[in-house]
Trainee: 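Here it is, the structure in full.
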Amino acid sequence: MSVASAPRARVPRLGGWLGAAISTDHKRMGLTLGVCSLFFFLLGGVFALLMRTQLAQSNMQFVSDNAYNQLFTMHGSTMIYLFVTPMAIAMAMYLVPLQIGATRLSAPRLALVGLWTWICGGLVMQQGWFASGGPGRAGWSSYAPMSNGQNTPGVGMDLWVIGVILAAAGMLLMAGCVVATIARRRAPGMSLLRMPVFTWTALVSVLMVVGAFPMLVLVMALLYMDRHGAHIFTGFEGAIDYQDLFWFFGHPVVYVMFFPYLGSAAEAIAVSAHKRWFGYLAFVASMMMFAALSMAVWSHHMYVTGGVTNQYFAFTSTLLLVPAGIEYFDMIATLIGGSIVLRTSMLFGLTFFIQFLIGGLSGIFVASPVLDYHAYGTYIVVAHFHYTLFAGSIFGFFAGVYHWFPKLTGALLRESLGKLQLLLMVIGTNLTFFPMFFLGNDGMPRRVSRYPTHPGWGTLNELETIGAGIIALGVLVFLVNVWVSLRRRVLAGNDPWLGHTLEWATTSPPPPLNFDGPLPPIRTYAPLLDLREQELDRKRRSAEVSAG
Amino acid sequence: MRGGAIPVLAWGTILLVLAIGNWVWNGKPVGSGAASAAVVIIYGFGLALWRLRREAIRRGPPEPHTEIENVPSASLSAMLIGLAAGCALFGLAWAKFLLYFGIGLFVVAVGRMILELRAERATRREVLRDEEQR
């Protein structure tokens, strides 16, 4: 491909922060989005620690009831709209063009508009802390009529709504650019069924963003109007309509927050097992089916309302088991017969699958209407979604970080610190979220700032608070690891892990147009592994000839 | 580009089947409407890709393409459009003057983007002319 490299536009060529702010290079945009998301992750983590401190003992007075409502709302909103989802898009923006051999992102200006719209959304949402009455406090789903102007008055809630609109619109634009890039910019030879596993997971995620996020923008715009006198979501039907529209976005987003991290874990596992990802075709088909089904299950969040047909949504929700099973089967089959190296990225990848299993199995529980009547509104639900989103996605995210950090920076992260982080996070995660199943089963409701002195509840809550502290310690170890690894660099080289996909065929970090030299021939979804296998075959044959 | 619209249209078709299932079994107008809207958006995206290039629905690996294209390295206007949108909507809830400032900034940023795009096209024309002369 030829490139008109020097447009005559008087675009300021700046380095540093300002240069990154206006850069249309997909790598810089992906990094900016990722770093901002990480900042919001730390902020959301602080909110979680404050909540857990309040819940450490029954009838604690650490924060007021109102402040607690604000904390759980902003914790959920920050983590979902400003960390896990955008981080998935950031990884797609950075890695997909590299993995498909593209020189750049399609419509990069549009992606930059999206990036800044999302940043503004995050800042506007957090601006609510400075508003009189505080920020949004109706939960990350902000059900109507609880979130209407009468029940949750104040500018802070308006800012929350506007923040969500901006963040969603920004992510929608960026996701659209990633879909267009995959559709239009694949390298010669890179057919759809030769795209790497991570790229497929990114593709289905961004397709879901394109399909579902417009509904979030719509429902938030309607909520804003409702709050300002339009009375759209009134009465029982209004409440059901809000939930229908919200969960049409709200359930698919769970999978947007899952698939790219699944792809990260899959890449880390396949590379560390020195084997191709097993069952590629079945995996691709299962991803497509998984993504489509996840857009047909939204009302399983509404079983108890009596406003939806439970049988249909229970049926589609249970069907999700099939593609999920295929992914687990593929993971296990990839490990069998592989020469496994237990580096940090591999360990995080394996832990992702194990921890997510608990989230997935408890998902079967809450996908059944009969059982959901018991679990609804209790800590079982909190445990379930934290096992999918934290114990699942975040471990997949760290598998990706340890796998691709050398590509992004040219330096290796410290393995010893990585393993310490993993240990702390596994202990912390299970200590925090597993007792929630017992509490929920015992009837402890979610979203309460104080709870009665019920036998056992105090101890379990105390354990959860200690667990949250251990998770925070794990995250601190990660930050120290990044700091140390960037300050005292251990150079990684271009391909430290013997990677399978095209991003390992370029320099670390990659040059502005991604690839300086010609790409290797692309005949499968693991072109670099093909090259190595061919070389090995050639050597073996020549050895046989010389022996003969 | 070759085959680029296939996964989009295939996925849209699976969504369509599920949307029909939802309409038949669940039958709630809002839910069915939301599912149908998603199908329309995804199909629209796929059809737009197809319309851009016919090969978008043909199977097989993409061919090497030799077209000259611009690669923007930075865009101040794109950042300003994002900031303008944020500013205007923030002003809606916080202070009206920010709404007007945001709208003004949006107009300026769009103007700046038009200049950027025109300059980019001019560069492309120059490069093409140079190539022809060679």
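When reading the values below, keep in mind they use all heavy atoms of this one structure, side chains included, and skip hydrogens, waters and symmetry mates. Chain naming here is simple, since letters A, B, ... match the order of the sequence lines and numbering starts at 1 in each.
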Trainee: Report the distance from atom CG of A:L112 to atom CG of B:L80, rounding to the nearest 0.5 Å.
Mentor: 9.5 Å

Trainee: Among B:A85, B:A93, B:G46, which has the most heavy-atom pairs under 4.5 Å with chain A?
Mentor: B:A93

Trainee: Do you know the tightest heavy-atom contact between A:D244 and B:G31?
Mentor: OD2-N, 4.0 Å

Trainee: Could you state the interatomic distance from CG (A:L172) to CD1 (B:I41), rounded to the nearest 0.5 Å?
Mentor: 8.0 Å

Trainee: Would a 4.5 Å heavy-atom cut-off, applied to side chains only, mark A:L203 and B:P7 as touching?
Mentor: yes

Trainee: Quick one: what part of A:D25 sits under 4.5 Å from any heavy atom of chain B, side chain, backbone, both or neither?
Mentor: backbone

Trainee: Give a yes or no answer on whether the side chain of A:T24 reaches the backbone of B:S73 with a donor-acceptor pair at less than 3.5 Å.
Mentor: yes

Trainee: Measuring heavy-atom distances to chain B, does A:A296 have an atom under 4.5 Å in its side chain, in its backbone, in both, or in neither?
Mentor: side chain

Trainee: For a quick test of reading the model, state the closest non-hydrogen atom pair linking A:C120 to B:G86 and the distance between them.
Mentor: CB-CA, 3.7 Å

Trainee: Does any heavy atom of chain B fall under 4.5 Å from the side chain of A:W160, the backbone, both, or neither of them?
Mentor: neither

Trainee: Compare every heavy atom of B:P64 with every heavy atom of A:P188, then report the nearest pair and how far apart it is.
Mentor: CG-CA, 3.5 Å

Trainee: Report which part of A:A131 has an atom under 4.5 Å of a heavy atom belonging to chain B: side chain, backbone, both, or neither.
Mentor: both

Trainee: Pick whichever of A:T316, A:D241, A:I240 has the most heavy-atom pairs under 4.5 Å with chain B.
Mentor: A:D241

Trainee: If you count heavy-atom pairs under 4.5 Å between each of A:W247, A:Y312, A:W118 and chain B, which one has the most?
Mentor: A:Y312

Trainee: Could you tell me which portion of A:F248 (side chain, backbone, both or neither) has an atom closer than 4.5 angstrom to a non-hydrogen atom of chain B?
Mentor: side chain

Trainee: Would you say A:V155 and B:W94 make side-chain contact, with heavy atoms under 4.5 Å?
Mentor: yes

Trainee: Could you tell me which of B:A10, B:G12, B:G21 has the largest number of non-hydrogen atom pairs under 4.5 Å with chain A?
Mentor: B:G21

Trainee: Tell me the closest heavy-atom pair linking B:A37 and A:M215, and the distance in Å.
Mentor: CB-CE, 3.9 Å

Trainee: Using non-hydrogen atoms only, which part of A:M208 is less than 4.5 Å away from chain B: side chain, backbone, both, or neither?
Mentor: both

Trainee: Atom CG in B:L18, atom CG in A:L319: separation rounded to 0.5 Å?
Mentor: 8.5 Å

Trainee: Specify which of A:P214, A:A291, A:G121 makes the most heavy-atom pairs with chain B at under 4.5 Å.
Mentor: A:A291

Trainee: So which part of A:L207 gets closer than 4.5 Å to some heavy atom of chain B, the side chain, the backbone, both or neither?
Mentor: both

Trainee: Near B:F101 CZ, under 6.0 Å, is it more than 12 heavy atoms from other residues, nucleotides or ligands?
Mentor: no

Trainee: From B:N22 CG over to A:W298 CH2, what is the distance, rounded to the nearest 0.5 angstrom?
Mentor: 4.0 Å

Trainee: Of the backbone (N, CA, C, O) and the side chain (C-beta and beyond), which part of A:I165 lies under 4.5 Å from a heavy atom of chain B, both, or neither?
Mentor: side chain

Trainee: If you round to the nearest 0.5 Å, how far is CG of B:L92 from CD1 of A:I162?
Mentor: 5.0 Å

Trainee: Check the angle between the aromatic planes of A:F315 and B:W25 and answer parallel, tilted or perpendicular using the 30° and 60° thresholds.
Mentor: tilted

Trainee: Side chain, backbone, both or neither: which part of B:F45 has a non-hydrogen atom closer than 4.5 Å to chain A?
Mentor: side chain

Trainee: Given that the side chain runs from C-beta out, which part of A:F249 has a heavy atom under 4.5 Å from chain B: side chain, backbone, both or neither?
Mentor: neither

Trainee: Between A:A169 and chain B, which part of the residue has a heavy atom less than 4.5 Å away: side chain, backbone, both or neither?
Mentor: neither

Trainee: To the nearest 0.5 Å, what is the distance between SG (B:C87) and CG (A:L123)?
Mentor: 12.0 Å

Trainee: In terms of heavy-atom proximity below 4.5 Å to chain B, should A:L173 be classed as side chain, backbone, both, or neither?
Mentor: neither

Trainee: Where is the tightest heavy-atom contact between B:P62 and A:S191, given as atom of each residue plus distance?
Mentor: CD-N, 3.9 Å

Trainee: Based on non-hydrogen pairs under 4.5 Å, which of A:L166, A:V124, A:I119 is most in contact with chain B?
Mentor: A:L166

Trainee: I'd like to know if the side chain of B:W11 reaches the main chain of A:M288, judged simply by a donor and an acceptor atom lying under 3.5 Å from each other, with no hydrogens or angles considered.
Mentor: yes

Trainee: To check you understand the geometry: which heavy-atom pair defines the closest contact between A:T117 and B:G82, and what is its length?
Mentor: OG1-CA, 3.6 Å

